[in-house]
Amino acid sequence: MPPIRKTTLLVVDDDPVWVKVLSNYLTLNNYSVFSSLRATRAHEEARNCRPDCVLLDFHMPDAEADEVCRVLRADKELCHVPIIIVSADPCEEINAYAKCQADNFILKDVNLKRITAAIESLLRRVDWDKSNVEDGDLRLETETHLLYRNSKPLFHLSPDQFQLLALLIQNVNEFVPEETLNKRIYNHSADTDHYDAIKMLLHRLRVRLGPQLGRRIKNKRRLGWIYLRPGTGHVS
């Protein structure tokens with residue numbers, strides 16, 4: 001039987017003490033860990049080690065997290081790798097999602113067990129993303145994040161927009177509570193700021209879809225958000 005492949009992680013942070021502590025902890029938890037103390041080398045390191053997940057500091061002397069994320073997302077071979085922003089600056093949480101399109105945000109002062117929980121949650125989501133999502137005239141291709149309508153490709157969605165639309169379509173004609181969206185998209189418990197991030201994401205998604213498709217996504221106070229299949233009624 002071939003050996004079981006370890007999950008590979010890339011830690012990008014300019015604090016050598018933190019990198020050592022985090023790397024040792026993750027290694028003890030059976031991860032294969034690579035690291036870079038320079039943001040500008042993150043892409044090169046990622047190309048070399050092919051990580052399953054990237055743990056990225058927000059503020060680094062040579063580049064900010066959004067620059068690193070932009071480079072990684074532009075690489076066709078790395079664009080689907082989950083990115084967790086691990087930062088000491090709580091003020092950057094919204095930017096981690098809005099500017100970096102990161103998959104999660106965690107403060108450095110939390111218990112390290114929360115980091116491993118976030119990693120495993122994201123990797124489960126990656127496994128889930130391996131299957132395409134279809135309903136009626138729409139199809140979401142998980143490998144490319146392409147949205148198709150009537151078998152014709154429309155455009156690419158960002159990873160978080162793709163995850164959100166897929167979740168709504170999987171629950172077609174049923175309301176999905178904001179608490180569920182919060183946990184599934186950002187892996188967070190209830191918090192006003194996180195709900196604001198969900199609302200921003202939904203707004204960007206509807207704009208991206210355009211008026212014809214965007215109107216299929218509705219919300220109702222206290223019930224959440226819903227994707228309505230055309231011809232099946234409306235939200236009362």
Side-chain angles (χ1 to χ4, degrees), residues 52-53 69-70 72-84 94 96-105 118 121-188 194-236:
D52 297 294
C53 184
C69 290
R70 188 158 46 249
L72 293 177
R73 298 302 192 203
D75 189 320
K76 292 182 179 180
E77 297 182 11
L78 299 170
C79 60
H80 300 312
V81 175
I83 299 174
I84 300 176
I94 295 299
Y97 299 122
K99 292 177 62 178
C100 303
Q101 295 188 356
D103 298 275
N104 205 341
F105 177 92
S121 175
L122 284 175
L123 294 181
R124 284 194 298 271
R125 195 172 85 188
V126 169
D127 289 338
W128 172 82
D129 279 347
K130 289 179 180 177
S131 58
N132 294 334
V133 178
E134 295 186 54
D135 184 76
D137 59 341
L138 295 188
R139 177 166 65 90
L140 291 166
E141 187 176 84
T142 56
E143 184 177 354
T144 63
H145 285 189
L146 260 173
L147 173 65
Y148 288 79
R149 187 180 187 190
N150 296 321
S151 301
K152 296 180 180 179
L154 294 182
F155 42 72
H156 288 87
L157 294 170
S158 68
D160 50 1
Q161 290 173 346
F162 179 90
Q163 171 73 0
L164 177 56
L165 183 57
L167 181 59
L168 292 175
I169 289 178
Q170 284 193 320
N171 292 273
V172 61
N173 293 343
E174 295 182 6
F175 282 99
V176 181
E178 289 190 352
E179 293 89 343
T180 301
L181 295 175
N182 204 23
K183 291 177 182 178
R184 290 288 298 274
I185 305 300
Y186 294 137
N187 195 35
H188 284 308
H194 302 151
Y195 288 148
D196 287 344
I198 286 290
K199 289 182 173 65
M200 288 171 57
L201 176 58
L202 281 157
H203 172 71
R204 293 199 305 270
L205 175 60
R206 292 165 95 177
V207 170
R208 186 76 175 98
L209 293 174
Q212 189 176 37
L213 295 179
R215 67 169 62 102
R216 297 184 185 183
I217 299 175
K218 310 282 187 180
N219 77 301
K220 193 170 185 181
R221 193 175 181 182
R222 292 187 296 273
L223 291 179
W225 294 80
I226 189 171
Y227 173 84
L228 288 172
R229 183 182 296 140
T232 57
H234 62 278
V235 181
S236 59

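Everything numeric in this text was worked out from a predicted model, so none of it was measured. One is the number of the first residue; the rest follow in order along the sequence.
- Among I217, N173, V172, the single residue meeting the side-chain contact (heavy atoms from CB on, under 4.5 Å) criterion with L228 is N173.
- Looking at Y97, its side chain does come within 3.5 Å of a backbone N or O of F105 through a donor-acceptor pair.
- The minimum heavy-atom distance between L168 and I226, with the atom names listed, is CD2-N, 4.4 Å.
- Between P153 and L146, the closest heavy-atom pair is CB-CD2, 4.3 Å.
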**Message:** Using the rule given for side chain to side chain contact (heavy atoms under 4.5 Å, CB included), can you reason through L209 versus R216, listing the C-alpha separation, both sets of side-chain angles and the distance that settles it, and then say yes or no?
**Reply:** CA-CA 10 Å; L209 293 174; R216 297 184 185 183; over 6 Å; no
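- Residue N171 comes nearest to L167 through the heavy atom pair ND2-O, 2.8 Å, listed as atom of the first residue, atom of the second, then distance.
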**Prompt:** Passes side chain to side chain contact (heavy atoms under 4.5 Å, CB included), L154 versus L213? Steps please.
**Reply:** CA-CA 11 Å; L154 294 182; L213 295 179; 3.8 Å; yes
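- When all heavy atoms of D137 and R149 are compared, the closest pair comes out as OD2-NE, 2.9 Å.
- Note: H145 and H80 have tilted aromatic rings, judged against thresholds of 30 and 60 degrees for the angle between ring planes.
- The OG atom of S151 sits 11.0 Å away from the CG atom of L138 when rounded to the nearest 0.5 Å.
- Taking CZ of R208 as the start and NE2 of H156 as the end, the distance is 9.5 Å to the nearest 0.5 Å.
- A donor-acceptor contact shorter than 3.5 Å links the side chain of R73 to the backbone of V81.
- Taking every heavy atom of both residues into account, F162 and E141 meet most closely at CE1-O, 3.7 Å.
- Rounding to the nearest 0.5 Å places CD1 of I83 at 12.0 Å from CG of N104.
- Scored by the side chain to side chain donor-acceptor pair (under 3.5 Å) test, D75 finds H43, R47 as partners (sequence neighbours excluded).
- Between the CG atom in L181 and the CH2 atom in W225 there is a gap of 9.0 Å [rounded to 0.5 Å].
- Going from atom SG of C53 over to atom CD1 of I84 covers 4.0 Å, rounded to the nearest 0.5 Å.
- Looking at heavy atoms from C-beta onward, L164 lies out of side-chain contact with L157 at the 4.5 angstrom threshold.
- In plain terms, the two heavy atoms of P159 and C79 that are nearest each other are CG-O, 4.5 Å.
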**Message:** D160 vs R204, test: side chain to side chain contact (heavy atoms under 4.5 Å, CB included). Steps then yes/no.
**Reply:** CA-CA 10 Å; D160 50 1; R204 293 199 305 270; 3.6 Å; yes
**Message:** Could you go through K199 and H203, starting from their C-alpha distance and side-chain angles, then the distance that decides it, and tell me whether this counts as side chain to side chain contact (heavy atoms under 4.5 Å, CB included)?
**Reply:** CA-CA 6 Å; K199 289 182 173 65; H203 172 71; over 6 Å; no
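- With rounding to the nearest 0.5 angstrom, the CG atom of L72 is 12.5 Å from the CD atom of Q101.
- The backbone N or O of K99 sits nowhere less than 3.5 Å from a side-chain atom of R70 that would complete a donor-acceptor pair.
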